[in-house]
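For clarity, every value in this text was computed on a predicted model and none was experimentally measured. Atoms within a ligand are numbered from 1 in the order they appear, just like the ligands themselves.
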Amino acid sequence: MNRIYLFLLIISQFNCSFLLDGLNLQKEDNDKNLLLLLFAIPTGYNWNLPPGFPTPVVPSINPMSEAKVELGRFLFYDRALSRDQSMSCSSCHIQEFAFADAKVFPSGITGEIHPRNSQHLSNVAYHTRLTWNNPLMTNLEIQSRVPMFGASPVELGLQNNDFVNRLNANPIYPPMFQRAFGDPTANEQNVRFALASFQRSMISGNSKFDQYNFRNNRSALNPSEVLGMNLFNGEKAECFHCHGGFNFTDTAFHGNSGSQEFFYHSNGIHSDTYYAPLSNDKKGLFDVTGISSDIGKFRAPSLRNIGVTYPYMHDGSFMCDDSENPKITLGKTKRDCAKNALTKVILHYESGGQTTVAKDTNLIRPFGLTVTERENMVNFLLALTDEEFLTNPKFASPF
Ligand code: HEC
Ligand code: HEC
């Protein structure tokens, strides 16, 4: 298998300032204060994991607590986190779409279009590398700086710490910061840490597949879905090589895995002709490494909740035919849209991917499915939707 295994032991040393594109951020992580705080933090967190799910690994610098998760939920939905107070994380990560947003590309507070499709956040706690293609994005504590402060593209558009003053001025927050961090005053780092804890709590493991596979309910999947699952896990379609394991991705790190595993693949999509004006920033792993064989390589997304995370791929290039109507109110259900778009994805794989691009030819090569087999595969993918996750009040807006 032609897989690249990047082994970067720079997690704690990594300085992500280049990601912030010229912003002069004060790095206010003060290790001494942090150590003192660690002792004040209430420890012990009940993950309440679904059967079959390993325990996520959490950076020791930011242990989980109920208080942080709850604070993080407020912050995730709070528009105080954007420069003009018009957007929050939840503007591009919407619960009913498993925290994706049903758009080809999102735009930030200035209207600038993001060159990548919004990712869903189900089980993000297990991703040892975040975003579509950045192996330097090693944890959630770092990642949130990009939407908050990034200038290219602008997402939440923060340019200074005024948002911290806004939080401190809101009477709901001091008691919550006190409970979470032992200090009633908000600061930039604690905001990011609480956001990370909330996102780690977003565990999704109650799909029909989970009931069948992990809860021993053999009638949870119908015969078509079972046939689709066997195809998915078979050597004809090869899907499981890159989308395997309990989280349907080969990028994973948790209590039962010996090491951090992360891979980048080309699945035969990187001509990016779909949105040509943006193509200069769309070369996958190459954008970060500059190595020509990395052109077109992306992290294989987790296929959990794939029935609601359309449009698919880093460039949103697979969408249902009614793509101008992302909320699908004109007679098309979400399921109809996903079926339509997933059929296109499977046809893409059957075709062996774009012919002009380098790809993992052992796994991305032409094969043929009958119409019924293709339907079975789509039905199986739709059985990965966890309705409970999409409506669970624990992840919903507190406002
Ligand atoms: C303007 C829309 C937008 C906003 C606002 C936004 N995001 Fe995102 N998010 C995206 C896009 C697009 C990606 C994919 C980025 C990439 O690959 O470069 C992403 C990726 C992520 C990821 C990586 C997921 C994965 O599977 O690796 C996390 C985590 C995340 N966002 C959290 C947040 C948080 C926390 C906030 C608020 C502080 C936020 N996002 C605000 C659009 C947005
Ligand atoms: C060689 C590894 C590899 C194989 C094999 C593979 N995929 Fe993928 N898959 C990827 C990568 C990488 C992406 C993201 C590519 C991109 O964004 O351009 C992806 C994206 C997807 C997506 C879109 C996910 C999203 O959130 O946008 C779906 C659906 C999908 N694959 C299904 C399948 C199915 C079904 C099969 C088997 C027929 C399969 N994949 C085989 C690597 C693979």
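Looking at atom 22 (C) of ligand 2, its nearest protein heavy atom turns out to be M313 CE, 3.5 Å. Nearest protein neighbour of atom 8 (Fe) of ligand 2, counting heavy atoms only, is Y349 OH, 1.9 Å. Among all non-hydrogen protein atoms, the one lying nearest atom 34 (C) of ligand 2 is C239 SG, 3.4 Å. For atom 10 (C) of ligand 1, the closest non-hydrogen atom of the protein is H93 NE2, 3.8 Å.
In this structure, of G108, P147, S107, G316, the residue bringing a heavy atom nearest to atom 39 (C) of ligand 1 is P147. Of all the listed residues (L342, L381, L347, I346), L342 holds the heavy atom that lies closest to atom 29 (C) of ligand 2.
Contact between S88 and ligand 1 is present, with at least one heavy atom of the residue lying under 4.0 Å from the ligand. In this structure, Y310 does not count as a contact residue of ligand 2, since none of its heavy atoms falls inside 4.0 Å of the ligand.
The pair E70-R179 fails the salt-bridge criterion, with no side-chain N (NZ, NE, NH1 or NH2) lying under 4.0 Å from an Asp/Glu carboxylate O. Salt bridge annotation for R200-E141: present, with a cationic side-chain nitrogen under 4.0 angstrom from a carboxylate oxygen. Ion pairing between a basic and an acidic side chain is recognised when a charged N comes within 4.0 Å of a carboxylate O; E375 and K339 show no such pairing.
Atoms of ligand 2 lying under 4.0 Å from at least one heavy atom of Y312, given by number and element, are 23 (C), 25 (C), 27 (O). The contact set between ligand 2 and E238, taken as ligand atoms under 4.0 Å from a residue heavy atom, comprises 5 (C).
At a cut-off of 2.8 Å, C242 does not coordinate atom 8 (Fe) of ligand 2 through any N, O or S atom. Residue contacts to atom 8 (Fe) of ligand 1: C92 brings no N, O or S atom closer than 2.8 Å. Distance check for N267 against atom 8 (Fe) of ligand 2: none of its N/O/S atoms falls below 2.8 Å.
Partner of D250 under the side-chain hydrogen bond (donor to acceptor under 3.5 Å, both in side chains) criterion, out of R299, H241, H265: H265 alone. Residue Y126 is tested with W47, F253, F246 for a ring-ring contact (aromatic ring centres under 6.0 Å, His included); the sole match is F246.
Although no hydrogens or angles enter the test, the distance criterion places a donor-acceptor pair under 3.5 Å between the side chain of T249 and the main chain of A300.
The side-chain heavy atoms of E188 and F163, taken from C-beta on, include a pair separated by under 4.5 Å.
Residue S118 places no N or O, backbone or side chain, under 3.5 Å from any N or O of ligand 1. In terms of polar-atom proximity, defined here as any N/O pair under 3.5 Å, H114 makes no such contact with ligand 1. At a 3.5 angstrom cut-off on N or O pairs, N117 does not count as close to ligand 1.
Nearest N/O/S atom of H243 relative to atom 8 (Fe) of ligand 2: this is NE2.
Between F389 and F99, the gap from one ring centroid to the other is short of 6.0 Å.
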